[in-house]
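Below, chain A is the first sequence line, B the second, and so on; all start at residue 1.
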Amino acid sequence: MSERPAQRPHVTLWRIFAVFGLIGATSFGGGVVAYLRAQLVTATAWLDDGEFLELLEVSQTLPGLNATNMAVLVGDKLRGVPGAIAGLIGMMLPGSLFIAMLGAAYATYGGTHVVTAVLGGVAAAAVGVMTAVTVQLGRKQLDRWSDLVLVALTLIAVSGFKLSLLTVLGTLGPVAVLLHWPHKARATGETRP
Amino acid sequence: MNDLSLLIRAFAVLSLLAVGGGSAILPEMKHVVVDQYHWITADDFDDIYSLGQMAPGPNMLMVSLIGDKVAGIVGGFAVLIAFFLPASVLTLVSGRLWEHFKAAPAREALRRGLAPITIGLMLSGAVSIARTAIDGWQTAAMAAVVLAILLWRSLNPLWLIAAAGLIGWLTLG
């Protein structure tokens, strides 16, 4: 593990904006975590690997997207609230402009046979991509039978019974958290030789 | 209420419910914009989602196109802000609190407990797109091939998405 910088170098807001802007402009294909790590740990050394994983974990637990949550947390760490705003805008700006251009093209050519066919292909591939990402994440994060039961219950509740997300989070959420509540034995077990 | 304030309210709520990120919120978003408010059709939703897949950056920036379709360019901006700002502010505040509770057992329980629910929601996200996107053996085969390739090799999904667009153009068109 790389050593933790004792004093964080002063980073300008412009630099925060530029680094997240670069991530926002180059992270094609959805794998934003890899791009985040390449810039934040490898290129700028703003974070070491441990800090990166810790912030990523926070990003994943809180509502919102990983990419924008990371921009907010890292920006805040470097320069407080202004840093968070610079990171967030940098992260969102390139993709938003790109989407606006695609949207304008879609407004003009959408509904034509060719565009419908291309987007039909993309949507089919997107289903495969989403499933693959979910399976890969699941392999890493789920290690109990009760976890698989919770995955199935969530899927059935949302896709089968069309229950609202709030209902699902409000009922399954507390159960899931209680299932993972640490036992007293394990908490005190660390003191044993 | 007019469409603009309904849009802002709907996406602000979605923002705060987006535990587990973009894919996890998809079924609820599709339900709200298609079934509840009838702002766009299910096919429009899939098209807009597909456009989003081709862009860099956070994968839900395409929400601006939903706002744009309902209330013009102002709607696009409003939805973008409504969807990204509330969760970002919450992250800023909780990120600071989180630091104080580093050792709390509740923190680990919350993270590990939410993981399976997030995975379930992501699968539901795939199902909700698949319901309209998979409309025959060709599209089913494309999804299956993409899934198989990605589980077998680590590859930037953009190449597969671009290839699928091309194949769509050649075969479905």
Side-chain angles (χ1 to χ4, degrees), chain A residues 24-30 57-58 61-69 72-73 76 84 88 94-96 98-99 102-103 106 113-114 117-132 134-135 137-138 141-142 147 150-151 154-155 158-159 165-166 172 176-177 180-182, chain B residues 16-19 21-23 27-28 46-47 50-51 53 55-59 61-62 65 84 87-88 91-92 94-95 98 105 109-113 115-117 119-127 129-130 133 139 142-143 146-147 150-151 156-158 160-161 164-165 167-169 172-173:
Chain A
T26 52
S27 56
F28 281 95
E57 176 193 301
V58 180
T61 311
L62 292 169
L65 308 186
N66 274 338
T68 48
N69 282 354
V72 167
L73 291 172
D76 182 42
L88 181 63
S96 299
F98 199 97
I99 292 270
L102 285 177
Y106 178 70
H113 214 57
V114 173
V118 169
L119 290 181
V122 171
V127 171
V129 173
M130 286 164 78
T131 312
T134 311
V135 170
L137 204 65
Q141 303 219 321
L142 310 178
D147 283 346
L150 282 168
V151 170
T154 306
L155 179 63
V158 174
S159 293
L165 185 50
L166 199 57
L172 290 178
V177 173
H180 285 279
W181 205 264
Chain B
L16 294 174
L17 288 179
V19 177
S23 310
E28 182 78 2
D46 283 1
D47 278 358
S50 303
L51 288 174
Q53 290 296 303
N59 71 348
L61 289 172
M62 54 72 182
L65 297 181
F84 283 94
S88 296
T91 296
L92 186 69
S94 338
W98 199 256
L110 188 67
R111 191 184 68 79
R112 296 199 45 191
I117 296 181
I119 304 282
L121 290 173
M122 288 172 73
L123 284 177
S124 290
V127 169
I129 294 297
T139 43
M142 277 159 82
V146 167
L147 172 63
L150 287 177
L151 289 181
N156 189 331
L158 185 73
L160 298 172
I161 284 174
I167 293 170
W169 178 44
L172 307 175

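- When every heavy atom of B:Gly165 is checked against every heavy atom of A:Val122, the shortest pair comes out as CA-CG2, 3.9 Å.
- Both the backbone and the side chain of B:Leu151 come within contact range of chain A, with heavy atoms under 4.5 Å apart.
- Comparing A:Asn66, A:Leu172, A:Leu166, A:Asn69 by how many heavy-atom pairs each has under 4.5 Å with chain B, the most go to A:Asn69.
- Take B:Asp47 and apply the side-chain hydrogen bond (donor to acceptor under 3.5 Å, both in side chains) test, not counting sequence neighbours, and it matches A:Tyr106.
- With a 4.5 angstrom heavy-atom cutoff, B:Leu160 touches chain A only via backbone atoms.
- The nearest pair of heavy atoms linking B:Met142 to A:Ala124 is CB-CB, 4.1 Å.
- The parts of B:Pro58 that come within reach of chain A are both its backbone and its side chain, each placing non-hydrogen atoms under 4.5 angstrom from that chain.
- Of the residues considered (B:Ala87, B:Pro116, B:Gly120), B:Pro116 shows the highest number of contacts with chain A, using heavy-atom pairs under 4.5 Å.
- The candidate from B:Thr91, B:Leu16, B:Leu17 with the greatest count of non-hydrogen atom pairs under 4.5 Å with chain A is B:Thr91.
- For a residue to count as touching a neighbouring chain, one of its non-hydrogen atoms must lie under 4.5 Å from one of that chain's; by this rule A:Ala25 touches chain B with the backbone only.
- Residue B:Leu150 comes nearest to A:Ala132 through the heavy atom pair CB-CB, 3.6 Å, listed as atom of the first residue, atom of the second, then distance.
- The shortest distance between side-chain heavy atoms of A:Leu119 and B:Asp46 does not fall below 4.5 Å.
- In this structure a side-chain-to-backbone donor-acceptor pair under 3.5 Å is present from B:Glu28 to A:Leu165.
- The shortest non-hydrogen separation linking A:Leu155 to B:Ser124 is CD1-OG, 3.4 Å.
- The greatest number of non-hydrogen atom pairs below 4.5 Å with chain A, out of B:Pro27, B:Ala130, B:Gly125, B:Ser88, is found for B:Ser88.
- Note: B:Leu92 leads B:Val19, B:Leu92, B:Ile129 in heavy-atom pairs under 4.5 Å with chain A.
- The candidate with the highest count of non-hydrogen atom pairs below 4.5 Å against chain B, out of A:Val177, A:Leu137, A:Leu102, A:Thr26, is A:Val177.
- Of the listed residues B:Leu110, B:Val127, B:Ile117, B:Leu121, the one with more heavy-atom pairs under 4.5 angstrom with chain A than any other is B:Ile117.
- Contact count against chain B (heavy-atom pairs under 4.5 Å) is highest for A:Thr134 among A:Leu150, A:Leu73, A:Thr134.
- Contact count versus chain B (heavy atoms, under 4.5 Å) is highest, among A:Ala67, A:Pro94, A:Ala123, for A:Ala123.
- Across all their heavy atoms, A:Ala176 and B:Gly113 have their closest contact at CB-O, 3.2 Å.
- Heavy-atom minimum distance, A:Met130 versus B:Met122: CE-O, 4.5 Å.
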